[in-house]
Amino acid sequence: MAPLVGIARLAAESPSLEAKRQTEYFELPTRRYIARCDSPRMPFRWMINPYRGCEFGCKYCYARYTHEFMELRDTEAFERKIFVKHFDPAAFRKELRALPRGEAIAIGTATDPYQPAERKFRLTRSLLEILAQNAGYRIGLITKSDLIARDIDIFREIIRRNYLTLVLTITTLDRELARLIEPLAPRPDLRLNAVRKLSAAGLRVSVNLAPIMPLINDSEPSLESVAKAAASAGAIQLSGHVVFLKPCAQKAFFPFLQEHFPNYLRRYRERFEKNAYLTGNYPDMIEERIDRIRRRYGLGKREDPAAEPELWPQDPQLTLFS
Ligand code: SF4
């Protein structure tokens, strides 16, 4: 076997922090906390992922590739071997200082920043505390966990000098379906409670109704029930997109279909083995459906905050885009 290099070697040498039930936590030496995103599909340029791996174990999760970089190719490893980035506050401050103001930073693009590890290691909170001491960024944070409400005090500090959107992903209100597709993520009603608490605290909250999976959660009543609950909990925006399944996600999703929705397996295989993204009428139909539902409940679209300067904090000490 070839010697491991780079992130794979660091992962192999990481000391175990704790082994709990089936989940093990490791400390990962980290050179950079802020990664650049060059994908034109994404509305942000910078990403922060406090952890590698995610215990929530969603069957459709596209982020499983991040463990493959570490030569951990077993599907379960992504959910059971969680890497906690070693935190060096001075290094993170220095990286932030190097980012021009006005830049968009997304937290939680390849891991959930409020997964169970956060209760113990509080790394997301440590990063947010430093972000709160800085000004002029467009920050988005996405999670499926109601633990996010723990940090309301920091979010309120952040919005004094930055533009912040908090995004709760809610794929369905059906508890049983949610448990099957997102086995260890908090129940949908707990996520809605978090939306309610964050909104009541004066924070901008968006609900991400994604992924939308053909035949599983794509009916108009299913989507509408999430939109209605999101609006009544105080969310101001709703987004949604069709599932995409790269090979690393197919490895978990196809066995899941085989077990719980065997009649759909052939159709999913035929479409996604050719292309990770669905094309044709279906994505257009879903987009129209979401637009229609959004209008029905007075919810906005996830906008580009740069186009809405009036939404920026009005702090006279702050010069934006300097
Ligand atoms: S919460 Fe997000 S990162 Fe975690 S398993 Fe689910 S989709 Fe992946």
Side-chain angles (χ1 to χ4, degrees), residues 21-26 28 35 37 39 41-42 44 47-70 72-85 106-121 123-124 127 140-149 166-172 174-175 177-188 190-192 194-195 206-213 216-217 226 239-257 260 272 276-277:
R21 283 173 285 138
Q22 298 156 295
T23 307
E24 278 187 284
Y25 299 109
F26 301 88
L28 188 66
C37 173
S39 167
R41 287 176 183 270
M42 298 300 171
F44 48 80
M47 305 177 287
I48 298 177
N49 286 295
Y51 302 97
R52 268 187 177 248
C54 182
E55 205 170 336
F56 288 159
C58 306
K59 300 300 176 188
Y60 49 74
C61 180
Y62 65 88
R64 293 172 189 275
Y65 73 90
T66 56
H67 262 46
E68 294 186 350
F69 285 159
M70 300 189 295
L72 294 169
R73 295 180 183 280
D74 169 9
T75 310
E76 292 235 314
F78 178 79
E79 304 159 20
R80 297 289 172 251
K81 289 184 189 297
I82 308 297
F83 290 83
V84 183
K85 294 187 178 173
I107 304 172
T109 56
T111 189
D112 195 304
Y114 288 104
Q115 62 178 290
E118 174 62 16
R119 284 189 198 279
K120 181 170 179 63
F121 300 107
L123 180 51
T124 299
L127 292 160
L141 183 150
I142 184 160
T143 182
K144 288 191 175 86
S145 175
D146 55 330
L147 181 58
I148 186 175
L166 300 170
V167 186
L168 267 290
T169 295
I170 304 177
T171 36
T172 173
D174 179 335
R175 280 192 195 184
L177 178 60
R179 194 183 60 76
L180 293 180
I181 55 177
E182 299 156 350
L184 288 186
R187 298 190 317 256
L190 297 177
R191 299 182 216 175
L192 277 168
V195 172
S206 183
V207 164
N208 179 38
L209 206 180
I212 296 169
M213 295 162 274
I216 295 177
N217 67 338
V226 174
S239 56
H241 65 76
V242 174
V243 69
F244 62 94
L245 295 170
K246 296 206 168 175
C248 66
Q250 292 175 17
K251 281 202 282 185
F253 199 77
F254 289 165
F256 156 76
L257 285 181
H260 297 288
F272 287 101
Y277 293 87

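Excluded from the calculations below are hydrogen atoms, water molecules and symmetry mates; all remaining heavy atoms, backbone and side chain alike, are included. As the structure lists them, so they are numbered: ligands from 1, and atoms in each ligand from 1.
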Exercise. Are V207 and V195 close enough, and set up right, to give a side chain to side chain contact (heavy atoms under 4.5 Å, CB included), and what steps lead you there?
Worked result: CA-CA 8 Å; V207 164; V195 172; 4.1 Å; yes

Seminar exercise, completed: Any heavy atom of T169 under 4.0 Å from ligand 1? The part involved is neither

Exercise. Any idea how Y62 and F244 line up, ring-wise: parallel (<30°), tilted (30 to 60°), or perpendicular (>60°)?
Worked result: tilted

Checking the side chain of [X] only, and the main-chain atoms of [Y] only, is there a donor and an acceptor separated by less than 3.5 Å?
X	Y	answer
Q250	F272	yes
R52	K85	no
T124	P113	yes

For this session: Around atom 4 (Fe) of ligand 1, find the nearest protein heavy atom and jot down its residue, atom name and distance.
Result: C54 SG, 2.3 Å

For this session: Identify the protein heavy atom lying closest to atom 1 (S) of ligand 1, giving its residue, its atom name and the separation to 0.1 Å.
Result: K144 NZ, 3.5 Å

For this session: Work out whether the distance between some heavy atom of E182 and some atom of ligand 1 is less than 4.0 Å.
Result: no

Exercise. Measuring from the heavy atoms of G57, does anything fall under 4.0 Å of ligand 1?
Worked result: yes

List ligand 1 atoms under 4.0 Å from [X], heavy atoms only on the residue side.
X	value
D112	1 (S), 3 (S)
T111	3 (S)
C58	1 (S), 5 (S), 6 (Fe), 7 (S)

For this session: Dump the intermediate steps for side chain to side chain contact (heavy atoms under 4.5 Å, CB included) on K246 and Y65, then the final yes or no.
Result: CA-CA 9 Å; K246 296 206 168 175; Y65 73 90; over 6 Å; no

Exercise. With a cut-off of 2.8 Å, does C61 place any N/O/S atom under that distance from atom 4 (Fe) of ligand 1?
Worked result: no

Exercise. Between E118 and Y51, is any pair of side-chain heavy atoms under 4.5 Å apart?
Worked result: yes

